[in-house]
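Down below is the structure, laid out as structure tokens.
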Amino acid sequence: MPELPEVEIVKQSLSKKIKNKRVKKIIIKNRNLRFKLDHKFSNIVQNSIVENIYRFSKYLIIKLDNSYYWLIHLGMSGTLHVVDKNKQKFLTNLSFYQSPNLPEKHNHIHISFDKFKIIYNDPRRFGYFLLLKNKYKLDEFISNYGPEPFNKKFNQTYFKKKLSNKSKNIKNYLLDQKFVSGIGNIYASEILFLAKINPERKSAKLNLSDYKKIIFFSKKVLKKAIKKGGSSIQNFKNSNGKTGSFQKYFQVYDREGMHCLSKKCDGIIKKKVISNRSSFYCNICQKI
DNA sequence: AAGAGGCCCTGATAGC
DNA sequence: TGCTATCAGGGCCTCT
């Protein structure tokens, strides 16, 4: 599911719920996530207090009062659910992938607070938890990633330095978290559509004006998606009002065979697999 | 050394 | 109805 905007929404709702609360108990049903859950996880997180919650890229970062940072990556299908502890009643869905009901299967990790618990559910188990010992380790971890689109380092100079002699296509660069952090498959297609650049354009073939457009629309698309509560592409018809609505604003993603929405363009949206990921684009107004 | 592709995993859906 | 194939919002790893 989640690209930067979706993780941001989860962060915001989770923050209201668990900030300054103490973790009472952890139950691990399955530690075989993308990376096996650290065997010290329970010991370290249990009895700590959540001081704050941040987001970097597609990671949730939970700062604990014992100096540790607990990172959550939701992978493709990871979701967090808040459940009333005593009544076992579902309270809030902090995700945009599943229906608003608590799933029965794949509830791998239960984190109990005083009056409620958070359940991590992840059918595909591409998500994972990480524990970083202190701020230094966190900074070190983040330094392996490229800037977020909102970062002032994500500018034309950076593009020129990174892309000017590269043969790899621009769509792949937008998905490459070492180049830019937080963009995923949906928003990459959307950004390139607005910038009128074909996803298969070789990065070396981009000019200064293309850089500008990509930078501008990256910020614009992600900001709007956050404002709309993210995208909910699966089961969104089951929405209880808490799911995102950005999918209504998709210009190209999942619109194969439909008309291009650019003014004065008679193009039809194409779907093409590029590096194992579907790309959507208009082959008339997005020039190669 | 950069870049393409395989692969991890389960579930939903389409097609026969 | 039930089988099989394909695809899904991510990204690490291997091979060339």
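Heavy atoms only: backbone and side chains are in, while hydrogens, waters and symmetry mates are out. Quick note on labels: first sequence line is chain A, next is B, and so on, each numbered from 1.
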- Note on the structure: Encoded 5' to 3' (Watson-Crick or G-U under 3.5 Å; [ ] crossing; | other strand), DNA chain C becomes .|||||||.|||||||
- Given the P atoms of C/dC7 and B/dG5, what is the spacing between them in whole Å? 15 Å
- Query: What integer distance in Å separates A/L74:CG from C/dG11:P?
  - Reply: 10 Å
- Query: What nucleotide among B/dG11, C/dG9, C/dC12 has an atom nearest to a side-chain atom of A/K105?
  - Reply: B/dG11
- Item | Residue-phosphate contact under 4.0 Å: A/R125 side-chain N/O, B/dT10 OP1/OP2 | yes
- Calculate the interatomic distance between A/K202 atom NZ and B/dA2 atom P; express it in whole Å. 16 Å
- Check whether any side-chain nitrogen or oxygen of A/K58 sits under 4.0 Å from OP1 or OP2 of C/dG11, and answer yes or no. yes
- Message: Heavy atoms only, 4.0 Å cut-off, all strands: where does A/N185 land among base, sugar-phosphate and nothing?
- Response: sugar-phosphate
- Query: Hey, is A/F126 doing a stacking thing with C/dG10, by the 5.5 Å centroid and 30° angle criteria?
  - Reply: yes
- Message: Checking A/K24 against A/N47: is there a side-chain donor and acceptor pair closer than 3.5 Å?
- Response: no
- Going by atom types alone, do A/D65 and A/S48 pair a side-chain donor with an acceptor below 3.5 Å? no
- Message: Can you confirm whether or not the ring centre of A/Y187 sits under 6.0 Å from the ring centre of A/F246?
- Response: yes
- Query: Looking at A/H106, does any N or O in its side chain come under 4.0 Å of the phosphate oxygens OP1/OP2 on B/dG11?
  - Reply: yes
- Under 4.5 Å between any side-chain heavy atoms of A/V252 and A/E190, yes or no? yes
- Item | Spacing between A/D254 atom CG and C/dC7 atom P, to the nearest angstrom | 13 Å
- Can we call the ring centroids of A/F141 and A/Y69 under 6.0 Å apart? no
- Message: In whole Å, I'd like the distance from the CD atom of A/Q177 to the P atom of B/dG3.
- Response: 17 Å
- Item | Nucleotide B/dG11, atom C1' - distance to CD of A/E104 in whole Å | 15 Å
- Query: Would you say C/dC7 has OP1 or OP2 under 4.0 Å from some side-chain N or O of A/S278?
  - Reply: no
- Within one Ile-Leu-Val-Met-Phe-Trp-Tyr cluster: A/Y68 and A/F113, side-chain cutoff 4.5 Å: yes
- Item | A/F41 and A/F129 aromatic ring geometry - parallel, tilted or perpendicular at 30°/60° bounds | tilted
- Message: Just checking A/K219: does its NZ atom have more than 12 heavy atoms from other residues, nucleotides or ligands closer to it than 6.0 angstrom?
- Response: yes
- Item | Cation-aromatic face contact A/K196/A/F193, 6.0 Å, 45 degrees | yes
- Query: Which ones in residues 168-176 of chain A lie close to DNA chain B, meaning a heavy atom under 4.0 Å from one of its atoms?
  - Reply: A/K168, A/N172, A/Y173
- Item | N or O in side chain of A/K271 less than 4.0 angstrom from C/dA8 OP1/OP2 | yes
- Message: Do A/Y59 and A/Y145 have side chains that approach each other closer than 4.5 Å (heavy atoms only, starting at C-beta)?
- Response: yes
- A/R124 side chain, from C-beta outward: closest of B/dC9, C/dG10, C/dC12: B/dC9
- Task: Write down the distance between CG (A/D122) and C1' (C/dA8), rounded to a whole number of angstrom.
- Result: 13 Å
- Query: Roughly, in whole Å, what's the span from CG in A/N121 to C1' in B/dT10?
  - Reply: 11 Å
- Base, sugar-phosphate alone, or nothing: which one does A/Y187 contact when heavy atoms must sit under 4.0 Å apart? nothing
- Message: Taking B/dG3 as the reference, what is the distance to C/dG9 when you measure between their C1' atoms (whole Å, please)?
- Response: 23 Å
- A/K162 charged N/C atom sitting above A/Y173 aromatic ring, 6.0 Å / 45°: no
- Message: Please report the distance separating the P of C/dT6 from the corresponding atom of B/dG6, rounded so that it comes out in whole Å.
- Response: 13 Å
- Message: For C/dG10 and A/R277 - does any side-chain N or O of the residue sit under 4.0 Å from the phosphate oxygens OP1/OP2?
- Response: yes
- Atom CE of A/M76 to atom P of C/dG9: distance rounded to whole Å? 5 Å
- So, is A/H73 close to the C/dG10 phosphate, meaning a side-chain N or O under 4.0 Å from OP1 or OP2? no
- Side chain of A/N276: nearest nucleotide among B/dC7, C/dG10, C/dA8? B/dC7
